[in-house]
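Comments concern the structure below.
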Amino acid sequence: MVETLEIPSPADFHVHLRQGPMSELVTPHVALGGIDLAYVMPNLTPPLTSAQQTVDYMAQLRAIAPHTRFLGTMYLSPSITPDEIRRASAAGIRGVKSYPRGVTTNSDGGIEDYEVYFPVFEAMQECGMVLNLHGEIPSDTDKGVCVLNAEPLFLAHLEKIHAHFPQLRIVLEHATTRAAVECVKRCGDTVACTITAHHLQLTVDDWAGKPLHFCKPVAKMPDDRAALREVIREGHPRFFLGSDSAPHPLAAKYPSPASRNDSTDELMLNCGCAAGVYTSPILLPLCATLLESFGALDQLAAFVSEHGRRFYNEPAEPGRVVRLRRATPQDAPVPAAYVHSSSTDKRDGDPSKLQVSPFFAGRHLGWVLA
C-alpha cells in the first residue's frame, strides 16, 4: 500500500476568494489545502468587468497570501469589448467567465445571449485567452427547466460557440453530468472541463435538505457521478481540478427568518440557503482520499496539476513538490468551522464571529499534508 505521495505544484483552476473579511479568512486556505496556483473567479460585488479591476484584485489577494500564485479572470458583461480583452491579455489576465443570468451566487448581471459577444470571443481567440463557461441555463418552469436538467440543456451553447471559434480555448466549468463529459470529449483539443472534488462524492440525496452540500450546479444522479469518476480514472487529458470552492458564512448557509426584517411574503421567497461548497483548506488531501476511493489514486498528479497546467500553459514550478502521507488515527478530523479572528457576520446582525464550515467537517480524511 502506498504511504506517501508527491504532487508537482498542485493547481486549482476554479476558486472563489470573495472580498473584505471573508477574503482575509479564506485566501490563506488555498495554500493550507496544498495548492500552489489559484485561478480566481470574478463574481464579486460589483463584479470584475475591467482589466484594471482584475489587476487590483489580484494585488489584494497577493497581499493576503504572498506565497500563492493567483491568476485573474473578468466577468463577461456588456462593458467588456475587444479592446478591453486586448488590455486584459497584456496585463496577464488569463480568462473571461460567463455566468447565465441568475443561476448562481452574484450572477444577477449574467448574460442571456451569447451571439452578441462573438466579437469579444474573436478577440479572445486572437489573444489566447480562455472562455470559462458556467454551464447551466436559468430555471424556467414554463419551459420545463430546473436545476437537474439545466446543465444538459446548456451544452448546445457550448457546441455553438466552439463551432464558431474552433481555436478559442473553452473550459466547461464544474461539470456534473455524463452528458457534459461526453460533450467535452466530442469537442476536441481546445475544449476542456473542470471537475470539483465535492461532485466526486455527492449525488442528489446528499444535498436535498442539507445546506452545507447545496451548490450550483447541484450534484446529480449516481450515473452522472460515475461518469466524472470514470473520466478521471481513464486519465483523460482535458479534465482537471477546478474546486469551485465557494465560502459562505454559516448565517447564509443556515439563514434564520426570525432575524430578518422581510415581510412574510418576502421570507417565503428569499429564505433559501446560499449555493456553495467550501473545500479549499482540505483540497489536496480530499482529492487524494476521494480518488483512492474509486481506484484513481494513480491519476492524482495528472488531475490536480498536470492536465490543467498543460491546458492553461502554466508549467509547474521546478522543484516545487507537495507531499502527502497516509493519515493515522492520531490525525485530527476536518475542523467544524474556520473562524475569522476579529470580523463579524453582518448578514443578519448576528454579532458572532464570521465563520465558514468546510466540506467533510468533523470527518477524517485518508490523506494529510506531510
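We count residues from 1, following the sequence as given.
A salt bridge links Glu84 with Arg87: the distance from a Lys NZ or Arg NE/NH1/NH2 to an Asp or Glu carboxylate oxygen falls below 4.0 Å. The existence of a salt bridge linking Arg94 and Glu314 is confirmed by a sub-4.0 Å separation between a basic side-chain nitrogen and an acidic carboxylate oxygen.
Heavy atoms only, all atoms of each residue included: Leu241 and Ala11 are closest at CD2-O, 3.9 Å. The shortest heavy-atom contact between His16 and Ala246 is CD2-CB, 4.1 Å. Across all non-hydrogen atoms, the minimal contact from Pro10 to Ser305 is CA-CB, 4.2 Å. When all heavy atoms of Arg18 and Tyr57 are compared, the pair lying nearest together is O-OH, 2.6 Å. Closest approach of Val26 to Leu17, counting heavy atoms only: CG2-O, 3.9 Å. The two atoms that bring Arg225 and Leu202 nearest to each other are CD-O, 3.8 Å, heavy atoms only.
Hydrophobic clustering of Ile, Leu, Val, Met, Phe, Trp and Tyr side chains at less than 4.5 Å, counting indirect connections, keeps Trp207 apart from Leu212. By the criterion of side-chain heavy atoms lying less than 4.5 angstrom apart, applied directly or through intervening Ile, Leu, Val, Met, Phe, Trp or Tyr residues, Val339 is not grouped with Ile282; the two fall into different hydrophobic clusters. Linking ILVMFWY side-chain heavy atoms closer than 4.5 Å, directly or via other members, places Ile64 and Val55 in two distinct hydrophobic clusters. When the side chains of ILVMFWY residues are joined at heavy-atom separations under 4.5 Å, either directly or via intervening members, Leu133 and Val147 end up in two distinct hydrophobic clusters. Under a hydrophobic clustering in which Ile, Leu, Val, Met, Phe, Trp and Tyr are joined whenever their side-chain heavy atoms come within less than 4.5 Å, directly or via other members, Val356 and Phe214 fall into different clusters.
Using cut-offs of 30° and 60° for the angle between ring planes, the His213 and Phe359 rings count as perpendicular. A perpendicular orientation is assigned to the rings of Tyr338 and Tyr278, their planes being inclined by more than 60° (bins at 30° and 60°). Between His157 and Phe154, the angle of the ring planes lies from 30° to 60°, which puts this pair in the tilted group. Phe13 and Phe240 have perpendicular rings, their planes meeting at more than 60° on a 0 to 90° scale where under 30° would count as parallel.
Glu234 CD to Phe239 CZ: the interatomic distance, rounded to the nearest 0.5 Å, is 7.5 Å. Atom NZ of residue Lys185 and atom CD of residue Glu182 lie 7.5 Å apart, to the nearest 0.5 angstrom. The distance from atom SG of Cys146 to atom CD1 of Ile137, rounded to the nearest 0.5 Å, is 10.0 Å. Once rounded to the nearest 0.5 Å, the distance linking OG1 of Thr196 with CG of Leu228 reads 8.0 Å. Rounding to the nearest 0.5 Å places CD of Glu151 at 8.5 Å from NE2 of His134. Put simply, CG on Asp12 and OG on Ser245 are 7.0 Å apart, with the number rounded to the nearest 0.5 Å.
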Would you sort out whether Ile80 and Ile85 count as a side chain to side chain contact (heavy atoms under 4.5 Å, CB included), showing the intermediate values? CA-CA 7 Å; Ile80 292 185; Ile85 290 297; 3.8 Å; yes

Test Arg323 against Thr4 for side chain to side chain contact (heavy atoms under 4.5 Å, CB included), laying out the working first. CA-CA 7 Å; Arg323 293 177 175 84; Thr4 60; over 6 Å; no

Go through Asp244 and Met41 one step at a time and tell me if the side chain to side chain contact (heavy atoms under 4.5 Å, CB included) criterion holds. CA-CA 9 Å; Asp244 192 23; Met41 295 295 106; 5.7 Å; no

Phe118 vs His164, ring-ring contact (aromatic ring centres under 6.0 Å, His included): CA-CA, chis, key distance, verdict: CA-CA 9 Å; Phe118 277 11; His164 278 81; 4.8 Å; yes

Going through the distances and angles, do Asn132 and Val171 end up as a side chain to side chain contact (heavy atoms under 4.5 Å, CB included)? CA-CA 5 Å; Asn132 302 98; Val171 177; 3.8 Å; yes

Could you pull out every donor-acceptor pair under 3.5 Å between side chains of residues 360-370 and any protein atom, sequence neighbours left out?
residue, atom, partner, partner atom, Å
His364, ND1, Asp331, O, 3.3
Trp367, NE1, Glu292, OE1, 3.0

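Cys287 has its side chain within reach of Leu300: a pair of non-hydrogen atoms, C-beta onward, lies under 4.5 Å apart. Residues Leu25 and Pro247 have side chains not in contact (no heavy-atom distance under 4.5 Å, counting atoms from C-beta outward). Side-chain atoms of Thr73 and Val130, non-hydrogen and from C-beta on, never get closer than 4.5 Å to each other. Within the 4.5 Å cutoff, side-chain heavy atoms of Val191 are placed close to those of Val184. Side-chain contact between His340 and Lys353: absent, with no pair of heavy atoms (C-beta onward) separated by less than 4.5 Å. Side-chain contact between Leu200 and Leu291: present, with at least one pair of heavy atoms (C-beta onward) separated by less than 4.5 Å. Looking only at side-chain heavy atoms (C-beta outward), Pro100 and Pro138 come within less than 4.5 Å of each other. The closest side-chain heavy-atom distance from Leu297 to Leu5 is below 4.5 Å.
Between the side chain of Gln125 and the backbone N or O of Gln167 there is at least one donor-acceptor pair closer than 3.5 Å. Formation of a donor-acceptor pair under 3.5 Å by the His199 side chain with backbone atoms of Pro217 is found in this model. With hydrogens and angles ignored, the 3.5 Å screen pairs a side-chain donor or acceptor of Ser357 with a backbone N or O of Ala336.
No donor-acceptor contact under 3.5 angstrom links the side chains of Asp56 and Gln60, judged on distance only. Judged purely by distance below 3.5 Å, without hydrogens or angles, the side chains of Asp36 and Ser9 pair a donor atom with an acceptor atom. For the residue pair Lys220/Thr177, the side-chain donor-acceptor check at 3.5 Å is not satisfied.
Chaining together hydrophobic side chains whose heavy atoms lie under 4.5 Å apart leaves Val321 on its own.
Of the residues listed (Glu173, His174, His14), the one engaging Thr194 in a side chain to side chain donor-acceptor pair (under 3.5 Å) is Glu173, and it is the only one.
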